[in-house]
Amino acid sequence: MNITSRSQLRLVITILTAGSLLALQAEPPRRVDDSLFERLEYRHIGPIGNRVSAVAGVSGDWNTYYIGAASGGVFKSEDGGASWKPIFDSQPAQSIGALAVAPSDANVIWVGTGEAKIRSNISIGNGVYRSTDGGRSFTHLGLEKTGRIARIVVHPADPDVAWVAALGHCYGPQPERGVFRTLDGGRNWEKVLFVDEDTGASDLIIDPSNPRILFAGTWQMAIWTWGRQSGGPGSGLHRSTDGGATWERLSGQGLPKGPWGKVALSTTRANPQRVYALIETNSNEEFEPIEQHQGVLWRSDDGGDGWKKLNSDHVLAQRPHYYSRVVAAPDDENTVYFLSTQASVSLDGGATSRRFPVAGDHHDMWIDPGSPQRMIVGHDQGISISTNGGRSWHRPQLPIAQMYHVHTDRRIPYNVYGNRQDGPSMAGPSNTLTGSVIPIGAWHSVGGCESGFAIPDPEDPHIVWSGCYEGILDRYDARTGHSRNVSVWRDNAEA
């Protein structure tokens, strides 16, 4: 057919478009039967990574460690960290907030779900789990609505007695916050410390020499879709001398004026009267609830009766909502570690500190009470294990990468793209000719960073568009392996 004029062309296009619309209306797209997907199984293709929110070990057993991933469940190693196996995959909650091994029975493992390190992209949990066979099986013990569990403390002589520091989901007022106690292995719980519906428990410690004495930090915290607010009258420091049945709120006696933000605590069996408190406040003690302040260190040398401010170095607790962890060495009351963006250590009881090189963005630390040179640290790059007091580290690789987005290209076999938390963007094959396991080396960065998307060009699969913070955009060319910044806004600071 010859089309001799633009009007005739428009007429043909109109007829074809109308016909296509009528055909679509006459034959609606068929819905795919969901049963077709029932036989599909997930398989891990990569990449390696990354964020570990809880760690624990078995005192005296140099081979056994447990780690809790921010969104990858619980893993166990029985060969000193050389190899790991997932032991929590059958459970519906995979965000881990706390791990504890019963000191009197290494077969009893307590797991608190829901990460308590607050950021804009974390998952909540569904309560507490317990294993009595070294992690081969777990029983769900309730506290489903606690949202985020920051710490679990187990009685040193009775594996059935435990205390749970529940932060709450933090998205609004709720009663399932505070400190809970069980005396029968989790069959029954009692809420023994409750401030108000806007305040949860951020940390919990027990006197190594007297299990009737406990300290708890509470944190008033609210999260909205557009931000968060840390601090308020609910934040505070509390002490129990009857095993958690009753609590007194500590104030004055050298402690800063309120309101506070987040509270982190530690003590040491070298001197149980020594208590460290890392408190989110301002060094000038004038605090207004905002997004974040800084962590300032206070110390008590008389079991919490009196306190003195020691250190307001910002490195101790940068971004307290995401960090704030203090761990005193079990064999030296003056050695204390601080986990934050950097890890640091004080050798003089907190008065000064220096860098303690581990990794970056640190969250949790366990030190073997019987062999303090042995330690494990969880951070945004995974875990680090040392058997010589931190002079050197072993960093195993785990399949727990947090991928914020996922895309595929049109190749056969296709490649998978995504942006990984606290790491570069990643791209890797969906299949490989090397065998059933896709090698770590098959994955590589395609520009950008942890924020945004990594999307292959639909016309040219060699080109990948990858984002980063503040609208920064990179264009990656797989033929050269190079990426360049092509951000839209010329006034972008990174452009």
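Numbers here are sequence positions counted from 1. FYI, side chains are in, hydrogens and waters are out, and symmetry mates aren't considered; it's all heavy atoms of this structure.
A side-chain donor-acceptor contact under 3.5 Å links S53 to the backbone of I96. In this structure a side-chain-to-backbone donor-acceptor pair under 3.5 Å is missing from D203 to A264. The closest donor-acceptor contact from the side chain of S324 to the backbone of A317 lies at 3.5 Å or more, if one exists at all. At least one donor-acceptor pair closer than 3.5 Å links the side chain of S386 to the backbone N or O of S392. Between the R151 side chain and the W163 main chain, no donor and acceptor come within less than 3.5 Å of each other. At least one donor-acceptor pair closer than 3.5 Å links the side chain of R177 to the backbone N or O of L167. Judged purely by atom type and a 3.5 angstrom limit, S371 has no side-chain atom pairing as donor or acceptor with the backbone of D368. Of the possible polar contacts, none joining the N388 side chain to the Q373 backbone as a donor-acceptor pair under 3.5 Å is found. Judged purely by atom type and a 3.5 angstrom limit, E176 has no side-chain atom pairing as donor or acceptor with the backbone of E144. Side-chain atoms of S95 come within 3.5 Å of backbone atoms of A70 as a donor-acceptor pair (strictly under, hydrogens ignored).
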key: Verdict with reasoning, M221 to S230, per side-chain contact (heavy atoms from CB on, under 4.5 Å)   = CA-CA 5 Å; M221 177 64 177; S230 175; 4.0 Å; yes

request  = Tell me, with the steps shown, if T146 and F180 meet side-chain contact (heavy atoms from CB on, under 4.5 Å).
outcome  = CA-CA 10 Å; T146 51; F180 294 80; 4.1 Å; yes

inquiry  = Please evaluate residues Q421 and D380 with respect to the criterion side chain to side chain donor-acceptor pair (under 3.5 Å), reporting the C-alpha separation (whole Å), side-chain torsions for both, the decisive distance (0.1 Å), and the verdict.
reply    = CA-CA 8 Å; Q421 191 275 332; D380 275 9; 3.2 Å; yes

ask   = Can W84 and Y65 be said to form a side-chain contact (heavy atoms from CB on, under 4.5 Å), step by step?
value = CA-CA 9 Å; W84 296 79; Y65 296 97; 3.6 Å; yes

task = Any chance you could lay out the side-chain contact (heavy atoms from CB on, under 4.5 Å) test for V74 and V111, step after step, and finish with the verdict?
result = CA-CA 9 Å; V74 180; V111 178; 4.1 Å; yes

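For the pairing with I376, the side-chain contact (heavy atoms from CB on, under 4.5 Å) check across T387, I367, I385 returns one residue only, I385. Screening F75, F138, Y66 against F88 for a ring pair (Phe, Tyr, Trp, His ring centres under 6.0 Å) leaves a single residue, F138.
Less than 6.0 angstrom separates the ring centroid of Y323 from the ring centroid of H363. Here the two rings, on H405 and Y417, have centers that are 6.0 Å apart or farther.
V55 places none of its side-chain heavy atoms less than 4.5 Å from the side chain of V377. Using a 4.5 Å heavy-atom threshold, the side chains of E78 and K85 count as touching. With a 4.5 Å cut-off on side-chain heavy atoms, N415 and P456 do not count as touching. Looking only at side-chain heavy atoms (C-beta outward), S466 and N419 come within less than 4.5 Å of each other. No side-chain heavy atom of E197 sits less than 4.5 Å from a side-chain heavy atom of Q174.
Of all heavy-atom pairs between S487 and G471, the closest is OG-O, 4.2 Å. Closest non-hydrogen pair, R148 versus S123, comes out as NH1-O, 3.8 Å. When all heavy atoms are compared, the tightest approach of I149 to G127 is CD1-O, 3.6 Å. A pairwise comparison of heavy atoms in G57 and V101 identifies O-CG2, 3.7 Å as the closest pair. Of all heavy-atom pairs between S83 and S77, the closest is O-OG, 2.9 Å. The heavy-atom pair separating G448 from D474 by the smallest distance is N-OD2, 2.9 Å.
Applying the 6.0 Å contact sphere to CZ of R479 captures more than 12 heavy atoms from other residues, nucleotides or ligands. Enclosure of atom CG in L36 by more than 12 non-hydrogen atoms of other residues, nucleotides or ligands within 6.0 angstrom is indicated. The 12-atom threshold is exceeded at NZ of K191, counting heavy atoms of other residues, nucleotides or ligands nearer than 6.0 Å.
Note that NE2 of H482 and CG of D477 are 9.5 Å apart. Values are rounded to the nearest 0.5 Å. Rounding to the nearest 0.5 angstrom, the gap separating the CD1 atom in I463 from the CZ atom in R475 is 3.5 Å. For the atom pair CG (D460) and CZ (R410), the distance works out to 12.0 Å, reported to the nearest 0.5 Å. For the atom pair OG (S346) and OH (Y337), the distance works out to 10.5 Å, reported to the nearest 0.5 Å. Here the CZ atom belonging to F338 is positioned 11.5 Å from the CE atom belonging to M365, to the nearest 0.5 angstrom. Note that CD of Q220 is 10.5 Å distant from SG of C170, once rounded to the nearest 0.5 Å.
Defined by atom type and a distance below 3.5 Å, a donor-acceptor pair is missing between the side-chain atoms of N50 and Q402.
Under a 4.0 Å N-O distance rule, the pair D361/R319 does not qualify as a salt bridge.
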